[in-house]
Amino acid sequence: MPHQESNPRVLPHSSTHILPDTVDATKTRNELDHGYLVICWNDPINLMEYVTHVFQVLFGWPRQKAEHHMMQVHENGKSILKREPKEKAEHYVHQLQKYSLHATMEKDA
Amino acid sequence: MKLVDQKGNQYFFELSTEERSVLFDIVGLYPLSPSPRYGINRTISDNDGDTNEDQALLEEALMDYRMEQRQRIHKLFNQNESSDNWQQTKSGYRLELSRVEVEWLLQVLNDIRVGSWYALGCPEDHKKPSLDESTQSLLPYHWSMDACCYFQMVFLSVTLQS
């Protein structure tokens, strides 16, 4: 039974050797990179309705969820909006700043 | 200013002559601040090459974006050119905006409002200005903050309804 050939991770002539784990390595790298927090900070200038609206537009959130995060910003000083790979986190920070919101990103500890 | 009609994604607002004049004056202030006000990372350091590079790219992109916005504003709010969006009525003006344009104007007005706030020194409470000589030059920023808020609330109520 050619079980070895059916398993791409096992060398065809040895059941004890395993190919370099490229698939897992990529996955691990992605997982590690998937660790940037997009944070929105409170400021005394942006209207609460406006902040809620921006969250809805940018993230496609329902109003209730957007309001929840807006209230977190308002009451706690900040809200973690997303946890994303670096590039996507940068994209969101850029978009939030386009809307004049105080947004930053931080590597998740 | 108030919403008087909606057809699909097109919105029709009615403005008095004074409101139109104020709106023209406000958007003429854009962009108040050509550079972004916040860093991409709150704890940015000079030694962090990647972050500095990201920051520079972000600033460049935002500056380009603001310049594009400026051109759009010029097209929609140019007293000397006729615009399909504006129509004079018996009581004032009718402004037709698509959903995308409403969204865009919201951003522009907020940018001006936040820029005015920065120009005032980021006061914790936006109080009515005192009318002495030292603060006279700041009066336009107080005015633009209030005026932007007025128009923003109308646009926000429209987005909330739809």
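What you see is a predicted model; the values in this text were computed from it and never measured. Throughout, protein chains are lettered first and strands after them, A, B, ... in sequence-line order, and every chain is numbered starting at 1.
Contacts with chain B were tallied for R63(A), Q56(A), E49(A), K98(A); K98(A) has the most, counting heavy-atom pairs under 4.5 Å.
When the side chains of ILVMFWY residues are joined at heavy-atom separations under 4.5 Å, either directly or via intervening members, L156(B) and M71(A) end up in a single hydrophobic cluster. M48(A) and L96(A) fall within a single hydrophobic cluster, where Ile, Leu, Val, Met, Phe, Trp and Tyr are joined by side-chain heavy atoms under 4.5 Å apart, directly or via other members. Hydrophobic clustering (side-chain heavy atoms under 4.5 Å, transitive across Ile, Leu, Val, Met, Phe, Trp, Tyr) groups V158(B) together with L47(A). Cluster annotation: W104(B) is connected to F13(B) through the hydrophobic network of ILVMFWY side chains, with a link wherever side-chain heavy atoms come within less than 4.5 Å. Under the 4.5 Å side-chain heavy-atom criterion for grouping Ile, Leu, Val, Met, Phe, Trp and Tyr, L95(B) is not connected to V4(B) through any hydrophobic cluster.
Dense packing is recorded around NZ of K82(A), with more than 12 heavy atoms of other residues, nucleotides or ligands lying under 6.0 Å away.
Going from atom OH of Y118(B) over to atom OG of S100(A) covers 9.5 Å, rounded to the nearest 0.5 Å. A distance of 10.5 Å separates OH in Y50(A) from SG in C148(B), rounded to the nearest 0.5 Å. If you take CD1 on I45(A) and CZ on R113(B), they are separated by 4.0 Å, rounding to the nearest 0.5 Å. Remark: Y99(A) OH to L106(B) CG distance equals 8.0 Å, nearest 0.5 Å.
Neither the backbone nor the side chain of V54(A) comes within contact range of chain B, judged by heavy atoms closer than 4.5 Å. Within the 4.5 angstrom heavy-atom criterion, atoms from both the backbone and the side chain of Q107(B) approach chain A.
N110(B) places no side-chain N or O within 3.5 Å of a backbone atom of N46(A) that could act as its donor or acceptor partner.
Here the closest heavy-atom approach between residue P44(A) and residue P123(B) is recorded as CG-O, 4.2 Å.
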Could you walk me through whether H53(A) and E103(B) pass the side-chain contact (heavy atoms from CB on, under 4.5 Å) test, one step at a time?
CA-CA 10 Å; H53(A) 171 74; E103(B) 195 61 43; 2.8 Å; yes
